[in-house]
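Computed over heavy atoms, backbone and side chain alike; hydrogens, waters and symmetry mates excluded. Read the numbers this way: they start at 1 and go in the same order the structure lists the ligands and their atoms.
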Amino acid sequence: MWRRRVGALLLRPRSSSIPTPSATHRRRHHLLLPVSVPDEKGPLASNVLLLRLFTSQAGADGGNPRKPFIAFVLGGPGSGKGTQCTRIASDFGFAHLSAGDLLRNEIASGSEKGELILDIIKEGRIVPSEITVELIRKAMESTDAKRVLIDGFPRCEENRIAFERITGTEPDLVIFFDCPEDEMVKRLLGRNQGRVDDNIETIKKRLKVFENLNIPVVDYYSSRGKVHKISATGTEEEIFGAVRKLFASLGFENFVFHKSRGL
Ligand SMILES: Nc1ncnc2c1ncn2[C@@H]1O[C@H](COP(=O)(O)OP(=O)(O)O)[C@@H](O)[C@H]1O
Ligand SMILES: O=c1ccn([C@@H]2O[C@H](COP(=O)(O)OP(=O)(O)O)[C@@H](O)[C@H]2O)c(=O)[nH]1
Ligand SMILES: [Mg+2]
């Protein structure tokens, strides 16, 4: 086991647990990211990330040879996380763990926890950390993959802290898909997957939760030099072009590219 020891179109959110963003936070968010995040227009190979990749895969990370390379994939609702993760998984051999899908599977299982999760998702709020982290932990345990994408998690600082405490590990890389709100709304309203949260009322709440609770997680990892911001506007293919460059710059082999050349 790899773990150390197994162990602003927006409505005000209804839940009082959702803090109102301070002007300082908003200012910080918009100023901080471009300064501290190496973006796709910057130098391709970030030596820090490259070093982490090799230390993680070679087992030098905390002396644990079986710790997978972990990438958190963040971005607002509808920014294209799931779409891009599917591409990364097939091109670069990552296991794709979608926190939202794990939660929806729990709902589909008919468990008592599932009922609570459904109520929270309908409201666009965040499921208690212990539930989500436990689902992710189990999913990670049941894969032998050496590279794992965790899509749509952590959603808030509390999620992040719980993950790091329970798994005893941190992500090696955080990808942040940066997308304007109006584009996200358009995509969500056209997603057409029958989701209980793809309606305008819930979308407004999810956007508010994203800005208030998820952006601080991006800021935290930015300050630790782990975030790679990718502009999520343009076609799926154009965005994947930037993603591909990032993974190539980190030394990941592109299986599809090699297969197409008979290698
Ligand atoms: N670059 C893009 N341009 C237009 N639509 C997109 C793009 N990427 C994804 N979509 C569509 O937008 C919707 C939301 O994408 P999805 O990957 O589910 O986002 P997320 O997981 O971040 O919510 C889906 O219907 C998807 O097909
Ligand atoms: O770590 C997570 C991931 C998702 N969710 C809930 O599940 C919903 C859908 O998440 P998903 O990632 O599937 O949505 P996406 O951003 O991809 O549209 C969110 O709005 C939250 O209510 C959560 O509480 N914690
Ligand atoms: Mg998704």
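At the top of the distance list for atom 18 (O) of ligand 2, counting protein heavy atoms only, stands Arg206 NH2, 2.8 Å. Taking atom 19 (C) of ligand 2 as the reference point, the nearest protein heavy-atom neighbour is Arg155 NH2, 3.8 Å. If you check which protein heavy atom lies closest to atom 11 (C) of ligand 1, you get Arg187 CD, 4.3 Å. Nearest protein heavy-atom neighbour of atom 1 (O) of ligand 2: Phe153 CD1, 3.2 Å. Nearest protein heavy-atom contact of atom 22 (O) of ligand 2 is Arg125 O, 2.6 Å. Regarding atom 24 (O) of ligand 2, its nearest protein heavy-atom neighbour is Val127 N, 2.7 Å.
At a heavy-atom cutoff of 4.0 Å, ligand 2 is contacted by the side chain of Asp197 but not by its backbone. Contacts between Lys122 and ligand 2 below 4.0 angstrom, taking non-hydrogen atoms only, are absent altogether. Neither the backbone nor the side chain of Asp151 comes within 4.0 Å of ligand 2, counting heavy atoms alone.
Near Gly76, with a cut-off below 4.0 Å to any heavy atom, the atoms of ligand 1 are 22 (O). Heavy-atom proximity to Ile239, at under 4.0 Å, picks out these atoms of ligand 1: 1 (N).
At a threshold of 4.5 Å between non-hydrogen side-chain atoms, the residues Arg160 and Tyr221 count as touching.
One side chain, Asn159 or Ser129, offers a donor N or O that lies under 3.5 Å from an acceptor on the other.
No donor-acceptor pair under 3.5 Å is formed between the side chain of Thr202 and the backbone N or O of Asp198.
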